[in-house]
Every structure is written in C-alpha cells, then in structure tokens.
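Remember, it's a predicted structure, so these values are computed and weren't measured experimentally.
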Protein chains: 2
Amino acid sequence: MTEAFVRPPTAQEAVLTEIRRLLVTGELAPGTPVRQEAVAERLGVSRVPVREALKVLEGEGHVVYAAHRGYVVAELSVDDLTEVYRLRELLEAEAIRVAVPRLDAATIESIGAASRAVEAAGRRGDLAEMTAYNRDFHFLLFDAAGMPRLSRTLRQLWDATDVYRAVYFAGSGNRTRVQHDHAEMVDALRARDVRAAIAVQKRHRDASVEAVTAAITADD
Amino acid sequence: MTEAFVRPPTAQEAVLTEIRRLLVTGELAPGTPVRQEAVAERLGVSRVPVREALKVLEGEGHVVYAAHRGYVVAELSVDDLTEVYRLRELLEAEAIRVAVPRLDAATIESIGAASRAVEAAGRRGDLAEMTAYNRDFHFLLFDAAGMPRLSRTLRQLWDATDVYRAVYFAGSGNRTRVQHDHAEMVDALRARDVRAAIAVQKRHRDASVEAVTAAITADD
DNA sequence: GGTTAGCAGATTGGATCCAATATTCAAATG
DNA sequence: CATTTGAATATTGGATCCAATCTGCTAACC
C-alpha cells in the first residue's frame with residue numbers, strides 16, 4: 001500500500017493546520033492581532049473558512065475574540081502557566097494510574113519507538129519533529145488509559161503551552177535530560193510500576209515548567 | 001442606574017444561546033442531525049452565523065462534525081458519563097482545596113443566596129431556573145479558587161452532561177436531597193473545613209451520576 | 001438475484017458582495 | 001491647550017449565490 005495522499009477535505013481544515021503552524025513557529029506571536037484578510041490571502045482562500053478555523057482556535061484558547069474587534073493571539077502569563085501545569089499534574093497522574101495496568105507489550109514498544117524518534121530528531125536538530133515525537137511519546141501512554149475525554153482535556157492543556165515548548169528543546173542540556181527521563185519512563189512501564197511512572201512524569205514536567213517560565217519572564 | 005439593555009452584539013452569539021437552549025430543553029435531542037438551513041430560518045438569519053456557532057459547540061463537544069456531512073447532536077454513553085464524573089471528582093477537589101481558605105464572608109453569603117434561589121425555583125417547579133442557580137451555587141465556589149483555566153475546564157465538563165441535568169431535578173426526592181446537600185456545604189464553607197466540603201461535593205455528585213445513568217440507560 | 005454504475009435531490013463548503021461596527025485623525029469648540 | 005465631535009478608513013459580521021460532496025434511488029450488468 002502506497003503512502004495515502006491526503007488532501008484536506010475542507011479549506012477550514014487546511015487553514016486550521018496552517019494557523020497552528022504559524023502559532024508554534026512564532027510567526028504569529030502572542031499579542032498580535034490576526035487579520036482575517038491577510039491569512040485568507042496568504043492561503044489563497046476567502047475569509048469564510050478562516051473565520052471558522054479561528055472559532056475553533058478560540059475554543060482551544062489559542063486566540064481571544066472580541067466582537068467587531070477580531071482575534072488576537074493569546075498571551076500566557078506565568079500564573080496561567082502554573083495553572084496549566086498543576087492541572088496537568090492532576091490529570092496525567094490519573095491517566096498513568098489507569099493506563100499502566102492496561103498496557104500491552106505492543107504499546108510499550110510503540111512508546112519506546114517514539115522515544116528513539118525524539119532522539120533521532122534531536123541529533124538532526126529538528127525542533128519541530130522533536131516536539132511532535134515527544135507528544136507522541138506521552139500521549140501513546142495517556143491514550144492507553146482508554147479515557148477519551150481525559151485525553152482531550154490533556155491535549156488542550158498541552159496545546160496551551162505549545163508555543164513555548166520549542167524553547168525547552170532548544171537547550172542541549174534539556175535534550176539529554178529528556179532522553180534520560182524517557183528511558184526511565186519506559187523502564188517503569190515495563191515493570192508496570194505506577195508510582196515510579198508518576199514520579200518520572202512529575203520530574204519531567206517540573207523541569208519543563210522551570211525552563212518555560214524562564215523563557216516567558218525573559219522577554220518582558 | 002437603569003437596567004442595561006443588552007442586544008447581542010453579533011448574530012452568532014444569539015444563535016449560540018438559542019441552540020444551547022434547544023439542547024438543554026431537549027428540542028434538539030442527542031443523535032439528531034442539525035440542519036443549518038432549518039436553524040437559520042427559525043432564527044431569521046443566514047447560515048453563516050449558524051455555522052460559526054456550531055463550530056463553537058463542536059469545540060465544546062455538544063455536537064460532532066463530519067466534513068460535508070454536517071453536525072449531529074452528541075450522544076453521551078454511560079462510559080462518557082463515568083469519565084466526566086471522574087474528571088470532575090479530581091478537578092472539583094482541587095478547586096475546593098484552593099478556594100476554601102481564600103473565601104471571604106461576602107462570597108459565602110452569595111453562595112448561600114444561590115442555594116435559596118435554587119430552593120425558591122424548586123418550589124415554583126421551574127427546572128430551567130433550578131439548574132441555572134444550581135450552577136451558580138457550585139461555580140461561585142469553584143471560581144473562588146482564582147484558577148480561570150480550572151473553572152473553564154469544569155464548565156466544559158458540566159456542559160457535557162447539562163442535557164441530562166434537568167432529569168435529576170425533576171424528581172422531588174432529589175430536590176430535597178439537593179437542598180440538604182447545599183446546606184451542608186454552606187456549613188462546611190463557614191467552618192472553612194476543606195475535607196468536609198470535598199466530602200459533601202462527592203456525595204452530591206455520586207447521587208447525581210446515579211440518577212443520570214438511570215435516565216440514560218432507560219431510553220435505550 | 002446481487003452488485004455496481006450513474007443520475008437526481010439534498011446538504012454542506014466557499015466566494016463575493018454589502019452592512020455594521022470600530023478606529024484613527026483632523027478640525028472645531030470650550 | 002485639552003477635549004470632543006465628526007468624517008474617512010479599516011476591519012469585521014452577515015447575506016446571497018455558486019460549487020463540491022454526499023445520499024438515495026433506479027437501472028444496467030454479471
């Protein structure tokens with residue numbers, strides 16, 4: 001079977017992925033207004049699909065909306081960040097508690113593969129791929145809990161800080177730390193050790209919140 | 001100062017509140033497709049604001065969307081329900097832990113007032129107002145935690161089961177139980193007793209999940 | 001007879017045009 | 001000189017029209 005060619009079935013979807021890309025790469029920086037006309041022209045579509053895509057992003061909290069004034073890229077305060085990570089702590093612990101006893105060998109293998117993919121991308125210095133595979137690594141585990149709404153909520157929380165995630169991977173010191181944490185996590189999963197897995201995830205997250213906080217407070 | 005006259009600044013907003021009303025009253029029942037043209041005609045607007053409102057509702061999980069096939073009112077399985085209540089348990093406990101020590105007398109008074117409003121609406125037999133004031137009662141407390149993202153996530157979870165909430169209030173036995181629980185909660189808040197408040201909330205929620213589960217499984 | 005091709009009808013997706021609102025800036029007024 | 005009023009411009013919100021896609025049915029074919 002050849003690689004399926006996926007044309008987005010709708011323009012809104014194409015617009016959505018493109019705006020997301022602009023957000024994570026920082027081309028649309030927090031605080032800047034989003035001109036519908038500009039986005040539409042750039043992507044060669046009309047303003048209608050742009051507006052629908054922006055409504056989705058509004059729901060996810062990536063942009064804030066005011067009637068007749070339009071959309072602005074959301075800014076994340078340190079308080080917001082602290083809150084996001086606290087909620088992640090509560091919900092990721094739950095996901096791990098439920099998922100670990102249910103894990104099969106194949107899933108653990110997939111998680112290990114994602115870890116190696118993060119490493120490979122890191123050696124190539126490809127930050128975008130690193131963050132993508134890192135996300136795979138964690139959500140393969142979370143999704144294994146079989147709680148779709150929990151997964152969805154966690155994705156929203158991860159999305160909220162995605163803008164700043166690349167910052168974390170930029171430091172090579174952080175990169176080796178990530179590798180180490182991921183390896184520990186896979187060991188804990190193989191041993192079906194819930195407590196250890198939660199502890200690793202917490203350390204992992206704490207290191208990240210520290211780096212991102214530094215990044216946010218830096219450019220004020 | 002006279003009562004401010006609030007005209008919805010945009011049609012999408014008006015459409016949004018109207019569709020929400022149709023959802024909670026059950027006029028748009030779970031599983032039924034949402035015809036854009038029908039909604040638009042009913043509200044005297046074009047399909048454009050309807051589509052944008054539906055995108056918001058999609059983000060909130062009230063409708064599910066498939067490209068070129070349109071929107072369908074979301075159905076809630078028992079598994080979904082169990083998950084929603086489990087997540088509420090985790091997050092409401094956090095909200096109460098943070099909020100209770102921060103509560104001032106005025107907020108506690110407002111919560112008490114909301115409780116009396118629920119009771120009054122109950123005596124009138126007005127289910128819609130009961131659910132509204134009940135929501136006020138709980139979110140006055142949750143919001144007091146000063147964690148906007150937590151409040152938002154909790155609102156999403158409450159929204160997801162809103163369709164079935166009226167069922168719970170319909171039974172007069174449940175109504176007196178709610179009054180009793182609310183009174184106990186106010187006592188716990190006055191005493192600044194976090195453990196008691198969390199325990200009351202849990203009992204309150206468990207009773208609700210039982211009633212709603214019964215309602216869901218009934219009509220299958 | 002069961003399966004598939006193809007043709008209406010219905011419904012959604014997108015583009016264009018017009019209306020409503022907000023913003024900016026200059027001029028008039030105290 | 002500060003304030004405010006008003007017009008011009010930019011931007012968003014909504015309506016209408018056309019295109020693309022899906023659905024259900026009929027008929028041809030194996």
Side-chain angles (χ1 to χ4, degrees), chain A residues 1 4-23 27-75, chain B residues 3-23 27-75:
Chain A
M1 174 166 163
F5 169 68
V6 284
R7 176 186 60 151
T10 61
Q12 356 173 340
E13 201 166 316
V15 172
L16 193 52
T17 47
E18 175 62 10
I19 299 184
R20 283 193 209 282
R21 198 187 63 75
L22 295 176
L23 287 172
E27 287 185 69
L28 276 176
T32 60
V34 182
R35 298 279 158 245
Q36 302 175 5
E37 182 65 44
V39 176
E41 193 183 5
R42 170 168 186 154
L43 304 187
V45 297
S46 87
R47 274 173 44 224
V48 176
V50 174
R51 273 156 61 175
E52 303 204 3
L54 284 170
K55 268 280 172 288
V56 175
L57 292 168
E58 183 199 354
E60 295 174 354
H62 284 117
V63 297
V64 293
Y65 168 76
H68 298 288
R69 232 170 296 180
Y71 299 85
V72 175
V73 180
E75 298 187 80
Chain B
E3 180 71 21
F5 170 67
V6 284
R7 176 186 59 153
T10 60
Q12 358 173 336
E13 201 165 318
V15 172
L16 193 52
T17 48
E18 175 62 9
I19 300 185
R20 283 193 209 281
R21 198 187 63 75
L22 294 177
L23 288 172
E27 287 185 68
L28 276 176
T32 61
V34 182
R35 299 279 158 243
Q36 302 175 6
E37 182 65 44
V39 177
E41 193 184 5
R42 170 168 187 153
L43 305 186
V45 297
S46 86
R47 274 173 45 222
V48 175
V50 174
R51 274 156 62 174
E52 304 204 3
L54 284 170
K55 269 278 172 288
V56 174
L57 292 169
E58 183 199 354
E60 294 174 354
H62 284 117
V63 297
V64 293
Y65 169 77
H68 298 288
R69 235 170 294 181
Y71 299 86
V72 174
V73 180
E75 298 186 80

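Under the 4.5 Å side-chain criterion, counting only non-hydrogen atoms from C-beta, R42(A) is not in contact with V39(A). In this structure, L23(B) and H62(B) have side chains that are in contact, with non-hydrogen atoms separated by less than 4.5 Å. Contact annotation: the side chain of T32(A) never approaches that of V72(A) to less than 4.5 Å [non-hydrogen atoms, C-beta and beyond].
Listed for the H68(A) side chain is a donor-acceptor partner under 3.5 Å among the backbone atoms of P9(B).
In this model, the phosphate group of dT21(C) is not approached by any side-chain N or O of R69(A) to a distance below 4.0 Å at OP1 or OP2.
Rounded to whole angstrom, the span from the NE2 atom of H68(B) across to the P atom of dA19(D) amounts to 16 Å.
Residue T10(A) comes nearest to A67(B) through the heavy atom pair CG2-CB, 3.8 Å, listed as atom of the first residue, atom of the second, then distance.
Residues meeting the salt bridge (Lys or Arg N to Asp or Glu O under 4.0 Å) test with E60(A), sequence neighbours left out: R20(A). A search for side-chain contact (heavy atoms from CB on, under 4.5 Å) contacts involving A38(A) returns R35(A), not counting sequence neighbours.
Atom CG of L22(A) is separated from atom OG1 of T17(A) by 10.0 Å, given to the nearest 0.5 angstrom.
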Under 3.5 Å, which donor-acceptor pairs do the side chains of residues 45-55 of chain A form with other protein atoms, sequence neighbours left out?
residue: S46(A); atom: OG; partner: V48(A); partner atom: N; Å: 3.2
residue: R47(A); atom: NE; partner: Q36(A); partner atom: OE1; Å: 3.1
residue: R47(A); atom: NH2; partner: Q36(A); partner atom: OE1; Å: 3.4
residue: R51(A); atom: NE; partner: E52(B); partner atom: OE2; Å: 2.9
residue: R51(A); atom: NH2; partner: E52(B); partner atom: OE2; Å: 3.1
residue: E52(A); atom: OE1; partner: Q12(A); partner atom: NE2; Å: 3.0
residue: E52(A); atom: OE2; partner: R51(B); partner atom: NE; Å: 2.9
residue: E52(A); atom: OE2; partner: R51(B); partner atom: NH2; Å: 3.1
residue: K55(A); atom: NZ; partner: Y71(A); partner atom: OH; Å: 2.8
residue: K55(A); atom: NZ; partner: Q12(B); partner atom: OE1; Å: 3.2

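Within residues 28-45 of chain B, the residues that have a heavy atom under 4.0 Å from DNA chain C are, in order of number, V34(B), R35(B), Q36(B). Within a heavy-atom distance below 4.0 Å of DNA chain D, the residues of residues 11-20 of chain B found are A11(B), Q12(B). A heavy-atom distance below 4.0 Å to DNA chain C is reached by these residues of residues 46-67 of chain A, ordered by number: S46(A), V48(A), P49(A).
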